[in-house]
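Below: the structure, in structure tokens.
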Amino acid sequence: MHAAHVINEPQAGLIVRERQPVNLEYPFDQLGDFLTPNDLFSVRRHFKAPEVDSSGYVLRIEGAVRQPISIRYEDLLTMPSVTLPQVEGAQWQRGAVGTAEWAGVPLSELLDRAGLAKDACEIVFQAADKGMAKEKPLPPGEISYARSIPIEKAKDVLIAYSMNGEPIPADQGFPLRAIVPGHYGMASIKWLTHIRVVRAPFSGYWQTSDYAWWDDADNNPVRRPLDLMALKSSIARPRVREFVPAGHPHPVFGAAWDGDAPLEQIELSTDNGWRHWDLDWQVPQTTGSYTLRVRDATGRVQPDSHNRSFGSCVIHHTAGIEVLVH
Ligand SMILES: Nc1nc2c(c(=O)[nH]1)N[C@H]1C(S)=C(S)[C@@H](COP(=O)(O)O)O[C@H]1N2
Ligand SMILES: [Mo]
């Protein structure tokens, strides 16, 4: 039906962060509508995208369940579906982020069919892509992309087959992708083939070596998987080192989000905590360099510097945009 189309050349407009495998960043200064268009959506992967075809594609639900089941892609499309907007990913510079409208089958629907065992503890998602890992300690051979979530998070998860009203593009995980709202992008497994229910916490490569952080357990550093996104706001315009005319009002805008938005914000809209915002900045008469910073101030506040326990992830401090008033 929908044959997978694997992109070899980066699309125009996206910023190339790595060529092999292709990793592309959204140009954050293009921030416009609430939803990010599919052709401008960032592409993050660790291995070459798998060549997948939807005919014959099956999703397996197995492990600590009463009845392991296999569901064909075509049959999943006929199940009751839901749609949700979702924010994801924060890496590289400001553009490893986007929002899309995802539609698919709630994970809870599939787990109900298989029947969870009483001692089920986590859900492991496993994907079709494979390769050699890069961060130490290195596993001995090729591994696939796989990651777990606690059983309590399962109720929020969507097994998506559509992105902004179209089948999910090849780079974004065609034909099936887990969408884990509020978590960093690494949790939303693309090219999903297996959902495995396990009885003990899973400590696979993608939540120990990579995408993990150092927590403190009574003065002992312990490794924990990254999960919820930290509060963050980011300036889209003006751009870094953009010239802005002195003495005039100037529009400043961007977006802000959080993995676990407080209830009163959810009442205001259904956008899962992502906010577009703007300000008319009265640019001073004095020319020179100024640094603009934004932060969310609803109770909790973003830090001014990076917490090194998170390595190169969870970059949510108030990074400034330097502009030149002339
Ligand atoms: N199968 C698979 N799923 C994956 C990845 C991957 O390498 N393989 N990368 C993850 C990471 S680290 C991120 S940030 C998001 C990026 O999603 P995007 O490419 O749609 O922006 O996908 C996640 N899902
Ligand atoms: Mo990522």
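These numbers were taken from a predicted model, which means no experiment stands behind them.
- Relative orientation of the Y145 and H46 rings is parallel, given thresholds of 30° and 60° on the angle between their planes.
- I195 places a side-chain heavy atom less than 4.5 Å from the side chain of F125.
- Within the 3.5 Å criterion, the main-chain N or O of R44 finds a donor-acceptor partner in the side chain of K190.
- R17 places a side-chain heavy atom less than 4.5 Å from the side chain of I15.
- Using a 4.5 Å cut-off between side-chain heavy atoms of Ile, Leu, Val, Met, Phe, Trp and Tyr, with links allowed through other members, V124 and I151 fall into different hydrophobic clusters.
- Looking at every heavy atom in both residues, T193 comes nearest to A127 through OG1-C, 3.9 Å.
- Judged by distance alone, with hydrogens and angles left aside, the side-chain atoms of R237 form a donor-acceptor pair with the main-chain N or O of D29 at under 3.5 Å.
- Salt-bridge annotation for K130 and E142: absent, with no side-chain N of the basic residue lying under 4.0 Å from a carboxylate O of the acidic one.
- Looking at D216, its side chain never comes within 3.5 Å of a backbone N or O of P221 through a donor-acceptor pair.
- At least one side-chain heavy atom of Y57 sits under 4.5 Å from a side-chain heavy atom of V52.
- Checked by atom type and distance alone, the side chain of E122 never pairs as donor or acceptor with a backbone atom of S148 at under 3.5 Å.
- Using a 4.5 Å heavy-atom threshold, the side chains of R147 and L226 count as touching.
- Checked against the 6.0 Å centroid threshold, W206 and Y184 do not count as a close aromatic pair.
- There is no side-chain donor-acceptor pair under 3.5 Å between Q172 and R177.
- In summary, the side chains of S289 and E322 do present a donor paired with an acceptor at a separation below 3.5 Å, with no hydrogens or angles considered.
- Checked by atom type, the side-chain pair Q126/S144 shows a donor-acceptor distance below 3.5 Å.
- With a 6.0 Å cutoff to the six-membered ring centre and a 45° limit on the axis angle, R223 counts as a cation-pi contact of W214.
- None of L59, I71, V105 except one satisfies the side chain to side chain contact (heavy atoms under 4.5 Å, CB included) rule with L176; the exception is L59.
- Under a hydrophobic clustering in which Ile, Leu, Val, Met, Phe, Trp and Tyr are joined whenever their side-chain heavy atoms come within less than 4.5 Å, directly or via other members, L14 and V16 fall into the same cluster.
- Of all non-hydrogen atoms in A246 and Q285, the two that sit nearest each other are CB-O, 4.0 Å.
- A donor-acceptor pair is defined here as one N or O able to donate and one able to accept, closer than 3.5 Å; no such pair exists between the side chain of D129 and the backbone of K48.
- Ring geometry for H317 against H306 counts as tilted: the plane angle lies between 30° and 60°, on a 0 to 90° scale.
- Shown here for W213 and P225, the closest heavy-atom pair between the two residues is NE1-O, 3.5 Å.
- One N or O on the side chain of T36 and one on the backbone of T99 form a donor-acceptor pair closer than 3.5 Å.
- Hydrophobic clustering, with ILVMFWY side chains joined whenever heavy atoms are under 4.5 angstrom apart, keeps I179 apart from L228.
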